[in-house]
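Input: a single structure, listed below in structure tokens.
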Amino acid sequence: MPVARPEPQEPRVIAHVDMDCFYVQVEQRRNPELRGQPTAVVQYNDWKGGGLIAVSYEARKFGVKRSMRGDEAKMVCPSINLVQVPVARDKADLNVYRSAGSEVVTILSTKGKCERASIDEVYLDLTDAAKEMLLESPPELLELIFEEATKSNILGLPSVIFVLHDLIVVSLQFDMNVTNRASYVQDVSNREDSVRAWLCRADADYQDKLLSCGAIIVAQLRVKVLEETQFTCSAGIAHNKMLAKLVSGMHKPAQQTVVPSSAIQDFLVSLPIKKMKQLGGKLGSSLQDDLGVNTVGDLLSFTEDKLQEYYGVNTGTWLWKIARGISGEEVEDRLLPKSHGCGKTFPGPKALKNNASVKTWLDRLCEELSERIQSDLNQNKRIAQTLTLYARACKKNKSDSIKKFPSKSCPLRYGTVKIQEDAMKLFESGLHDFLGSQNTKWSITSLSVSASKIFDIPIGTSSILRYIKGPNSTVSPANLDCSSLPEDPSLGNKLYIAPNHEEHCEPSLSEKEDYGNNSNLAKQCQIKEEKKVSKKLTEVKIILGPESSSEPNKAEEHKAAQYVDRNKFNTAGSNSASSSTWMFNVEDIDPAVVEELPPEIQREIHGWIRPPKQSSSKTRGSTISSYFQPAKRD
DNA sequence: ACGGCTGGCACT
DNA sequence: TAGTGCCAG
């Protein structure tokens, strides 16, 4: 369920940038002959021409839609070019699009906080950049406004010209005649003049001026993206994420749209409720069917209390706010995905009906997953902690077949073979739960594996080996237990040290309120809290990572292993094998050894042992925060 | 026989 | 936590 976030007081400048039919553009760059042609990207050509996942604007004019079959597309648009998604290991391989997306993110992340929202979308928080521009070169003083910026669409600006313009753009695409062209040019120039005037208004309020700067910055970024990647994109510029996202697709392709505060209400009143993000599904339907709310304007007549009554505290407040254009959600500073997954469906006759075929496919999926987390590790120094298996299954001849195949997860061990083994064990465990006591036939219609709980390997602690080598490490390599070292040859035996992933989370205010109504729940909540406090959050993980260069020194390795309490390591269940991570308590580290370490590492370790802050009188430590905001020195 | 394949988030 | 469900494109 959606949740309202506290609204920042200061006005922000937020942009949502959305690539235009991205996969098509990627293919058009690979094969320029496709440019300007009706084109679609399709995956799996064997059944009814495959499914379309991206459609060029030329093809859309013929009525070609995403989710059409290749065959259907050919029917409505015989001249369409259908490009297949690359296939690897007998499944669609989206890596070309992922890396193309990274190219774009790299460019877009240069002007402010940047959040990768999907493979082809980002949010930007340009507040600081906009403020800076306003101070140093405000639009009203600029002699020449950046051309792309004057092509912006400003919501609420007198729209006669826009309507005209839009109509003419359509006719333009059908090879218009000279007379039309003349009027088009004139209208465009009128339009650009009025946009320029709007962007440069000296009498604009502060918020609008910030937006103007935002629009100019985004225009520059979009041109840069085009120059450096050949990709066009569209964008929305507003004071929050919700509004920016809402309008980024309003004028496509290759255009941007600005939402001044003054235009919000008029814009929202008539907006169909289903167009709002998060309301495209069941919640939106419920609003329509149960409350008769068809537009965002209709929502305005409900009090916050009423909405909370229907949908709970969180969602109720959220609904009340979005109806008024209020959204406090922050742009996260994150350029990389939070998880990696690969999956495949096996519809109808293709369903997998025995362990052997499941294993075949699971092995392929795991191979791809392993490759992806491996390159994430190499390129981004990130480690994934959890492996999860999902499946969809049917039981033969049972009315009970509504039951879902349960997802299962376990600690993720690096190395393709280990991932394959663990995934198969997870599958067997899930299948066992799925079947229960019955001994019926089953079939699998979808399989996927994913790697999640990914965190950065902290800079400065990259290799514990580097720091633990003492002058007199004379232990025999024979003592070293290498049994759980990765087999994958691309992995070496380098040890990484990182804080325990244990999250220290305080229940949110709203949560507390919710619990407050129910003494039982409140008690549970309290118990949870106490557990967290009593458990000393000083555990640290040692993670096996890659050793790119030299052969690891066994003696050093053993020395490192001295600090690993293998007894404390345990696996999550009978189905999971040993992991490449161990838990131990930093307080168990021999202080004498700590002294051998470089000062910065000593400080880090002491930071883990000591509670990071004394500001709160509560005796609550936090591993994650003490690490990432280390050393408030006292 | 389902759009397929990814991804994110909230809730319990 | 692990596991489920919803949502988006």
Side-chain angles (χ1 to χ4, degrees), chain A residues 1-5 18-19 21-23 41-44 47-55 65-70 72 85 91-95 97-98 101 115-121 245 248-249 274-286 312-315 318 329 332 334 336-351 365 368-369 372 385-390 392 394 403-411 426 429-430 433 445-454 501-503 505 507-508 510-511 514-515 521 524-525 528 531-532 572-573 576:
Chain A
M1 300 278 253
V3 171
R5 305 289 178 202
D18 194 271
M19 305 307 293
C21 54
F22 189 45
Y23 293 6
V41 174
V42 67
Q43 56 188 358
Y44 303 136
W47 196 65
K48 298 196 175 179
L52 271 52
I53 55 175
V55 181
K65 299 244 166 60
R66 232 186 24 229
S67 93
M68 269 184 176
R69 296 279 162 192
E72 292 176 76
V85 172
K91 69 176 284 297
D93 180 356
L94 305 182
N95 278 329
Y97 311 117
R98 287 195 188 92
E115 173 181 334
R116 188 200 119 121
S118 77
I119 200 168
D120 69 342
E121 286 170 274
K245 163 84 183 174
S248 66
K274 285 265 188 178
K275 297 242 177 198
M276 300 287 287
K277 191 168 157 107
Q278 304 292 322
L279 297 182
K282 298 191 175 183
L283 183 53
S285 298
S286 164
V313 186
N314 289 337
T315 304
W318 179 80
E329 202 186 337
E332 234 181 285
R334 181 174 58 77
L336 298 169
K338 289 185 164 179
S339 65
H340 301 287
C342 19
K344 182 167 175 61
T345 56
F346 309 95
K350 293 192 175 161
L365 294 172
E368 184 190 328
L369 184 66
R372 283 168 58 190
Q385 284 199 134
T386 303
L387 175 70
T388 307
L389 176 126
Y390 304 89
R392 264 179 39 209
C394 296
K403 194 167 143 195
K404 301 218 165 157
F405 193 101
S407 64
K408 295 281 169 190
S409 43
C410 71
L426 292 174
S429 159
D433 292 358
T445 57
S446 133
L447 272 182
S448 78
V449 285
S450 98
S452 60
K453 291 175 194 156
I454 302 176
H501 185 63
E502 179 89 27
E503 282 283 0
C505 48
S508 68
S510 51
E511 236 177 340
D514 286 352
Y515 285 138
L521 278 179
Q524 283 180 23
C525 184
K528 255 181 162 175
K531 266 194 192 163
K532 278 179 189 158
S576 74

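Chain identifiers are assigned alphabetically (A, B, ...) following the order of the sequence lines, protein sequences preceding nucleic acid strands; residue numbering begins at 1 within each chain. The figures that follow rest on heavy atoms only: side chains count, while hydrogens, waters and symmetry mates do not.
Considering only side-chain N and O atoms, A:K453 lies nowhere under 4.0 angstrom from the phosphate OP1 or OP2 of B:dG8. Using a 4.0 Å cut-off, some side-chain N or O of A:S409 falls inside it from OP1 or OP2 of C:dG3. Between A:R116 and B:dG8 there is no side-chain polar atom (N or O) within less than 4.0 angstrom of OP1 or OP2. Contact annotation: A:S118 does not reach the phosphate of B:dG7 (side-chain N/O to OP1 or OP2, under 4.0 Å). The side chain of A:K408 places no N or O atom within less than 4.0 Å of a non-bridging phosphate oxygen (OP1 or OP2) of C:dA2. Considering only side-chain N and O atoms, A:R66 lies nowhere under 4.0 angstrom from the phosphate OP1 or OP2 of B:dG4. Side-chain nitrogen and oxygen atoms of A:K404 include at least one within less than 4.0 Å of the OP1 or OP2 phosphate oxygen of C:dG5. Taking 4.0 angstrom as the limit, A:R372 places a side-chain polar atom (N or O) nearer than this to OP1 or OP2 of B:dG7.
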>> Before you tell me yes or no, could you show the steps for A:E368 and A:V449 under side chain to side chain contact (heavy atoms under 4.5 Å, CB included), namely the whole-Å CA-CA distance, both residues' side-chain angles and the distance that decides it to 0.1 Å?
In response: CA-CA 10 Å; A:E368 184 190 328; A:V449 285; over 6 Å; no
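As a whole-Å value, the separation of A:M19 CE from B:dT6 P is 20 Å. Nucleotide B:dG8 holds its P atom 14 Å from the NZ atom of A:K245, rounded to whole Å. In this structure, the CD atom of A:Q278 is 9 Å from the C1' atom of B:dG8, given to the nearest Å. Here the C1' atom of nucleotide C:dC7 and the CE atom of A:M276 are 14 Å apart, to the nearest Å. Across the protein-nucleic acid pair, A:R98 atom CZ and C:dG9 atom C1' stand 14 Å apart, rounded to whole Å. A:Y390 has its OH atom 11 Å from the P atom of C:dA2, to the nearest Å. Across the protein-nucleic acid pair, A:K282 atom NZ and C:dG5 atom C1' stand 8 Å apart, rounded to whole Å. Following rounding to the nearest Å, A:L369 (CG) and B:dT6 (P) show an atom-to-atom distance of 10 Å.
Positionally, the nearest nucleotide of DNA chain B for A:T345 lies more toward the 5' end than for the other of A:K338 and A:T345. Heavy-atom distances to DNA chain B give each of A:S339 and A:W47 a nearest nucleotide, and the one nearer the 5′ end belongs to A:W47.
A:E332 comes within 4.0 angstrom of sugar-phosphate atoms only, judged by non-hydrogen atoms across all strands, and of no base. Using a 4.0 Å heavy-atom distance criterion, A:K350 is classed as making no nucleic acid contact. Note on A:P347: a base of the nucleic acid sits closer than 4.0 angstrom, heavy atoms only. A:P2 comes within 4.0 angstrom of nothing in the nucleic acid, heavy atoms only. Among the atoms of the strands shown, only primed sugar atoms or phosphate atoms (P, OP1, OP2) are found under 4.0 Å from some heavy atom of A:L279.
For the side-chain contact (heavy atoms from CB on, under 4.5 Å) test with A:Y23, the passing option among A:V55, A:D120, A:V42, A:I119 is A:I119; the others fail. Applying side-chain contact (heavy atoms from CB on, under 4.5 Å) to A:L279 and the options A:K277, A:K275, A:M276 leaves one that passes, A:M276.
Nearest heavy atoms, A:K274 versus A:G284: CE-C, 4.0 Å.
Side chains of A:V313 and A:W318 form no contact here, defined as non-hydrogen atoms less than 4.5 Å apart.
No donor-acceptor distance shorter than 3.5 angstrom exists from the side chain of A:S286 to the backbone of A:K282, with no hydrogens or angles considered.
Of the listed nucleotides (B:dG8, B:dC5, B:dA10), B:dG8 has the atom at the smallest distance from the side chain of A:R334. When distances are taken from the side chain of A:M1 to each of B:dC11, B:dG8, B:dC2, the shortest belongs to B:dC11. Checking C:dT4, C:dC7, B:dC9 against the side-chain heavy atoms of A:L283 singles out C:dC7 as nearest.
Comparing B:dA1 with C:dG9, their C1' atoms are spaced 23 Å from each other, to the whole Å.
For B:dG4, the base is not stacked against the aromatic ring of A:Y44, per a cut-off of 5.5 Å between centres and 30° between planes.
Under the 6.0 Å distance and 45° angle rule, A:K344 counts as a cation-pi partner of A:Y44.
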